[in-house]
There are 4 protein chains.
Amino acid sequence: MGTSGRRGRPRDEEADARILDAAGDLLLERGYDRMSVDEAATRAGVAKTTLYRRWPTKDHLIVAVVARIQDAVPVAYSGDVRADLTAYLNAITDGLNRMRQVARPATAGDMSAGLVAEVAAAAARHADVGAAVQAMFTRRNALVVTLLEQARLHGELRAETDPEVLFDQLAGALYYRLLVTGRPIDAAYVDRLVTGALDGATS
Amino acid sequence: MGTSGRRGRPRDEEADARILDAAGDLLLERGYDRMSVDEAATRAGVAKTTLYRRWPTKDHLIVAVVARIQDAVPVAYSGDVRADLTAYLNAITDGLNRMRQVARPATAGDMSAGLVAEVAAAAARHADVGAAVQAMFTRRNALVVTLLEQARLHGELRAETDPEVLFDQLAGALYYRLLVTGRPIDAAYVDRLVTGALDGATS
Amino acid sequence: MGTSGRRGRPRDEEADARILDAAGDLLLERGYDRMSVDEAATRAGVAKTTLYRRWPTKDHLIVAVVARIQDAVPVAYSGDVRADLTAYLNAITDGLNRMRQVARPATAGDMSAGLVAEVAAAAARHADVGAAVQAMFTRRNALVVTLLEQARLHGELRAETDPEVLFDQLAGALYYRLLVTGRPIDAAYVDRLVTGALDGATS
Amino acid sequence: MGTSGRRGRPRDEEADARILDAAGDLLLERGYDRMSVDEAATRAGVAKTTLYRRWPTKDHLIVAVVARIQDAVPVAYSGDVRADLTAYLNAITDGLNRMRQVARPATAGDMSAGLVAEVAAAAARHADVGAAVQAMFTRRNALVVTLLEQARLHGELRAETDPEVLFDQLAGALYYRLLVTGRPIDAAYVDRLVTGALDGATS
DNA sequence: CGTTAACCGAGACGGTACGTCTGGTCTTTAA
DNA sequence: TTAAAGACCAGACGTACCGTCTCGGTTAACG
């Protein structure tokens, strides 16, 4: 008992990073389909067993990769919701656009949902991956929802405003364009979006 | 001398339908991963070559299947945007929820993006599939965007309203919940959504 | 209505030749496996149906091709068996060596049985092809066996000589080298062969 | 330290035997064409990959099968070449006749070259298979050529006798009948053959 | 200091689907 | 009736890749 007393050879912690790096590179180079776990292991200088001991499935692996890529966007209420939201959504947009080139030989003017779509599909296939993805997004989004709540209490937003729904509208529009309609996303669109959402449609 | 006069044995048009039916059934029974092109062909009573002559890839096939499933939601402006939008979004919601059970042994209370995610991934993998998917959605959505435009001209919506953005907000929220956060979608949520979008956040 | 009176479109007699030419070329370029009936038809400017109406099987077709390639070696007894045999075997040898390059990217010093082996295999697979091949060879060989018989009656060969066996020994040695051991065949070998067969091993 | 220290999971040596057994049985049951690599693997209780790791092609596989069937015919010079040769050729004849039934629904009185022809064709198609076949026969035949050489030195054969050519004549005649003319081979023919080859045709 | 437990690299293995190819047949329209 | 064109059926081929397993060998903590 005592402290715990892990027995046996300890895991090579560096290996985790090397594997995620290699897998990430391959993902960016070739996309989900055209990359293989085998090659990721080889490129990381690691045996396949070592990789599978950590992530039991290709889907689990790539979700881990994406989770690591997800940059922590700093969120804090400044007293100006519009500015805060615009900054946040632009950060997200940058991230999404970076993942767009992936998985297809980036033909000019040709947009793809790339990695994001693969993550969504992986989540749809394995319940535990789905849970992980949702947890990841919930964590990320909670901060913004809180920010919206603060703005509401502060009087910047109407009292009836539903922060969760408002956030869904904003983030949703971005992902919808990315995953479904394939239309471009940029700062100009973010502006139209924030304006539309904050001002509302009816008077 | 007339149009032309196709030569050679004409394609069996019935086969198309039989294949799509079989593939659709399999997709619903087993999901993308666990179904095979081979079995779809067999079940349709068709040789694999016949199938591959029409859809060069499993991904192409399933997109065709989904395109056919897409039910034509009738859209017409009644003079009451809120009602029209609510009806439309509820129809979409029903369709999405039907596709949710797919691709995972529907554990109770466990939501999945199912087929929709697979289609998004297929679109991300093949440029031509992506184009087809986008065309499909563009066609479907154009009607609603037109409806919103009519409502704006009619004075139901503010003059500054951006119909495209407004639609992205609405549809986007649904797909975002489906594909990313995995949260449930139902009539109650649709209400909150329409209210939030129409009323706006800032007074 | 008389005896018959062929009705309908008459067969294109030229087509036979064009098909055999095309098939022969392909056979020489690529070999049995790597050539397809489809391509032969295309290259002959003929529909597959037309080809199959004439030769019901790929194997039948190539046997027809080979039969046509088989050059008629003139055989007549001159009074000098050794000379006659040597001439005949050299002609055969030339033919075999011509068929050797076939079916493999003629690496230097690398001998192959090429077409001959494929014909043998085709004969082994279909009884009727086998019969055709045997008939072809029987016809060709009968002349030489007759020649040997004449030489025997003429006193050039011993009375006990068995012409059939003698011929088997000579032709057999060539084909054995071609099909089995892959060793080279040339005029020098033909000389050794004729000498060995005529002179015998014991006293 | 010694030679090395194999790494990785060792090959299942038993699998080789099981595969060759299964493939051999199928070959005998159905013949080359009508048997499939897939079924051989299944019947051997082995994954197709395992089979293809060992033999990269159906042709490679069947040559391996035949090589194993090839029974080691014991050869030793007894002082009586005629007897030795007769015994040896009869053994070969038995082997060839056993392989004759293969690959065609043995119609009575209908002879086929069966497996032997397929092996010859396989050798013609792949350079490496050809090399293997030739090596196999070279090994087998070397003993007999040596025996003939001994008989020559012993005075049983004329000093001018060319052992290699003599052997080609004998074995060649058998294979010629098998592969080309399709005529029967039996003990009586072997006798005529040995007599003809040893006694010679001229005086 | 030896035992033991967990790790590591390498690579074979089972399973399974993919997409391709080809042999031969069938169905059209035109000659 | 034959021709050309091309779709169709059937089924094998060889490849790819996932995730598991089996080796020999290493690296700790425990007794």
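Letters A, B, ... mirror the listed sequences (proteins, then strands); counts begin at 1.
At a threshold of 4.0 Å, the pair D:Lys48-D:Glu39 does not count as salt-bridged, since none of the basic side-chain nitrogens sits closer than that to a carboxylate oxygen. Under 4.0 Å is where a charged nitrogen must lie from a carboxylate oxygen, and between D:Arg43 and D:Asp21 no such pair does.
A:Arg18 and A:Ala44 get closest at one heavy-atom pair: NE-O, 3.0 Å.
Separating the CG atom in C:Leu51 from the CG atom in C:Asp38 is a distance of 9.5 Å, to the nearest 0.5 Å.
As a whole-Å value, the separation of A:Leu51 CG from E:dG11 C1' is 15 Å. With rounding to whole Å, B:Tyr32 atom OH is found 10 Å from E:dC18 atom C1'. A straight line from CH2 of A:Trp55 to P of F:dT20 spans 16 Å, rounded to a whole angstrom. Between the CG atom of D:Leu26 and the P atom of F:dC13 there is a distance of 11 Å, given to the nearest Å. Spacing between atom CD1 of A:Ile19 and atom P of F:dG19 amounts to 14 Å, rounded to whole angstrom units. Following rounding to the nearest Å, D:Tyr52 (OH) and E:dG15 (C1') show an atom-to-atom distance of 15 Å. The distance between atom NE2 of A:His60 and atom C1' of F:dG19, rounded to the nearest whole Å, is 13 Å. Counting to the nearest Å, the P atom of F:dC13 and the CD1 atom of D:Ile62 are 12 Å from each other.
Each of B:Thr57 and C:Thr57 was assigned the nucleotide of DNA chain E with the nearest heavy atom; the assignment lying further toward the 5' end belongs to B:Thr57. Mapping D:Pro56 and A:Pro56 onto DNA chain F by nearest heavy atom places D:Pro56 closer to the 5' end of the strand.
A cation-pi arrangement is present between B:Lys58 and B:Tyr32, with the terminal nitrogen or guanidinium carbon under 6.0 Å from the aromatic centre and inside a 45° cone about the axis.
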| Nucleic acid footprint by protein, nucleotides 5-12 of chain F - heavy-atom cut-off 4.0 Å, B for base, S for sugar-phosphate alone | BBBBBB-B

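When the side-chain hydrogen bond (donor to acceptor under 3.5 Å, both in side chains) test is applied to D:Asp12, no partner is found at least two apart in sequence or on another chain.
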